[in-house]
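First the structure, in the form of structure tokens, and then the observations on it.
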Amino acid sequence: MTDTPSLPEGYEISADPARVDRERVHHWLSTDAYWALGRPRETQDRAIEGSLNFGVYGTASGEQVAYARVITDRATFGWLCDVYVDPSVRGKGVGSALVAAVRDELRSYGVRRVLLATHDAHGVYEKLGFAGLERPEHWMALVFGQ
């Protein structure tokens, strides 16, 4: 069974795309996320517009403290990406609660498979039910030049 961590008191999760602080998310990802360093703002905005977006917000301030994005058809498949937690709230369970909320939302749609890629957070995701690919030799990628 997988953990269902609760969000610390004083925070809330929302999938309302109007609440996403696009400037803050772009800054986080383009300057501090190894997978998105240097990503142009226009690219990030297009990614937000074409995805299901989740944020964690301080209930008193409304300030966004974490972000996750899912590319999904909301029926069969999802790709979890751009998960980021502001350094000021890391270690409080915000990220785990965020990913659990994303997982549960996708499950409610009937999505059968959610993929993600991570360089260094395997243990975090494993606690939430993610596992390595059972048959990685079946998967392929098309990578366009950078």
Side-chain angles (χ1 to χ4, degrees), residues 1-134 136 139 141-144:
M1 195 59 179
T2 58
D3 289 343
T4 304
S6 58
L7 195 61
E9 188 174 330
Y11 297 98
E12 63 185 351
I13 296 174
S14 174
D16 179 355
R19 290 189 72 183
V20 174
D21 183 338
R22 290 175 177 228
E23 183 176 332
R24 174 171 265 201
V25 168
H26 175 255
H27 176 75
W28 282 337
L29 297 177
S30 68
T31 65
D32 192 40
Y34 66 85
W35 65 90
L37 293 175
R39 181 183 290 168
R41 171 69 190 266
E42 310 79 52
T43 300
Q44 185 62 47
D45 285 343
R46 283 196 331 266
I48 289 170
E49 290 162 12
S51 302
L52 180 60
N53 300 276
F54 293 81
V56 178
Y57 305 89
T59 52
S61 66
E63 179 182 27
Q64 187 167 359
V65 298
Y67 176 73
R69 183 169 71 84
V70 181
I71 303 160
T72 183
D73 58 13
R74 298 182 191 195
T76 63
F77 179 78
W79 175 269
L80 175 60
C81 53
D82 288 347
V83 178
Y84 188 91
V85 178
D86 189 86
S88 69
V89 297
R90 288 182 189 164
K92 296 181 179 183
V94 169
S96 293
L98 173 60
V99 173
V102 170
R103 176 198 64 200
D104 295 346
E105 180 78 12
L106 293 172
R107 182 182 290 142
S108 78
Y109 296 145
V111 168
R112 293 189 59 218
R113 180 174 286 122
V114 180
L115 294 180
L116 64 82
T118 183
H119 177 71
D120 58 0
H122 294 79
V124 172
Y125 293 107
E126 286 168 349
K127 291 178 185 176
L128 297 166
F130 288 86
L133 293 175
E134 188 174 312
W139 294 87
L142 174 62
V143 180
F144 295 104

How would you list, by chain and number, every residue that makes a ring pair (Phe, Tyr, Trp, His ring centres under 6.0 Å) with Tyr125, sequence neighbours excluded?
Phe130
Residues forming a ring pair (Phe, Tyr, Trp, His ring centres under 6.0 Å) with Tyr57, sequence neighbours excluded:
none
According to ring-ring contact (aromatic ring centres under 6.0 Å, His included), does anything in residues 72-109 pair up with another residue at least two apart or in another chain? List the pairs.
Trp28-Tyr84
If the condition is side-chain contact (heavy atoms from CB on, under 4.5 Å), which residues does [X] pass it with, not counting sequence neighbours?
| X | value |
| --- | --- |
| Glu49 | Arg22, Asp45 |
| Pro136 | Leu133 |
| Pro17 | none |

Starting from the C-alpha separation in whole Å, work towards a yes-or-no answer on side chain to side chain contact (heavy atoms under 4.5 Å, CB included) for Trp35 and Leu29.
CA-CA 8 Å; Trp35 65 90; Leu29 297 177; 3.8 Å; yes
Check the pair Phe54, Val20 against side chain to side chain contact (heavy atoms under 4.5 Å, CB included), reporting the backbone distance first and the verdict last.
CA-CA 8 Å; Phe54 293 81; Val20 174; over 6 Å; no
Which residues pass the side-chain hydrogen bond (donor to acceptor under 3.5 Å, both in side chains) test with Thr76, not counting sequence neighbours?
Asp73
State which residues pass salt bridge (charged side-chain N to carboxylate O under 4.0 Å, His left out) with [X]; sequence neighbours excluded, sorted by chain then number.
| X | answer |
| --- | --- |
| Glu12 | Arg19 |
| Arg90 | Asp32 |
| Asp82 | Arg39, Arg69 |

Establish, from distance only, whether the side-chain atoms of Asp86 and Ser88 form a donor-acceptor pair under 3.5 Å.
yes
Are any non-hydrogen side-chain atoms of Ile48 and Tyr67 less than 4.5 angstrom apart?
yes
Taking the side chain as everything from C-beta on, heavy atoms only, tell me whether Leu37 gets closer than 4.5 Å to Thr31.
no
Distance-only donor-acceptor pairs under 3.5 Å for side chains of residues 59-66, two or more places apart:
from, atom 1, to, atom 2, distance (Å)
Thr59, OG1, Gly10, O, 3.2
Ser61, OG, Glu63, N, 3.1
Glu63, OE2, Arg24, NH1, 2.9
Glu63, OE2, Arg24, NH2, 2.8
Gln64, OE1, Asp21, N, 2.8
Gln64, NE2, Ala66, O, 3.0

From Leu80 atom CG to Leu52 atom CG, the distance as rounded to the nearest 0.5 Å:
10.0 Å
Interatomic distance, Thr72 atom OG1 to Glu105 atom CD [nearest 0.5 angstrom]:
10.0 Å
Side chain to side chain contact (heavy atoms under 4.5 Å, CB included) evaluation trace for Ile13 with Leu7
CA-CA 8 Å; Ile13 296 174; Leu7 195 61; 3.6 Å; yes
Non-hydrogen atoms of [X] and [Y] that approach each other most closely:
| X | Y | answer |
| --- | --- | --- |
| Val85 | Gly95 | CG2-CA, 3.6 Å |
| Gly78 | Val111 | N-CG1, 3.9 Å |
| Ser96 | Leu128 | O-CD1, 3.8 Å |

Would the distance check show the side chain of Ser14 and the main-chain N or O of Asp16 forming a donor-acceptor pair, the cut-off being under 3.5 Å?
yes
For Val70 and Cys81, what are the C-alpha separation, side-chain angles and deciding distance, and is it a side chain to side chain contact (heavy atoms under 4.5 Å, CB included)?
CA-CA 6 Å; Val70 181; Cys81 53; over 6 Å; no
Is Arg112 atom CZ crowded by more than 12 heavy atoms from other residues, nucleotides or ligands, each under 6.0 Å away?
no
N/O donor-acceptor pairs under 3.5 Å from side chains in residues 114-121, not counting sequence neighbours:
from, atom 1, to, atom 2, distance (Å)
Thr118, OG1, Asp120, N, 3.4
Thr118, OG1, Ala121, N, 3.0

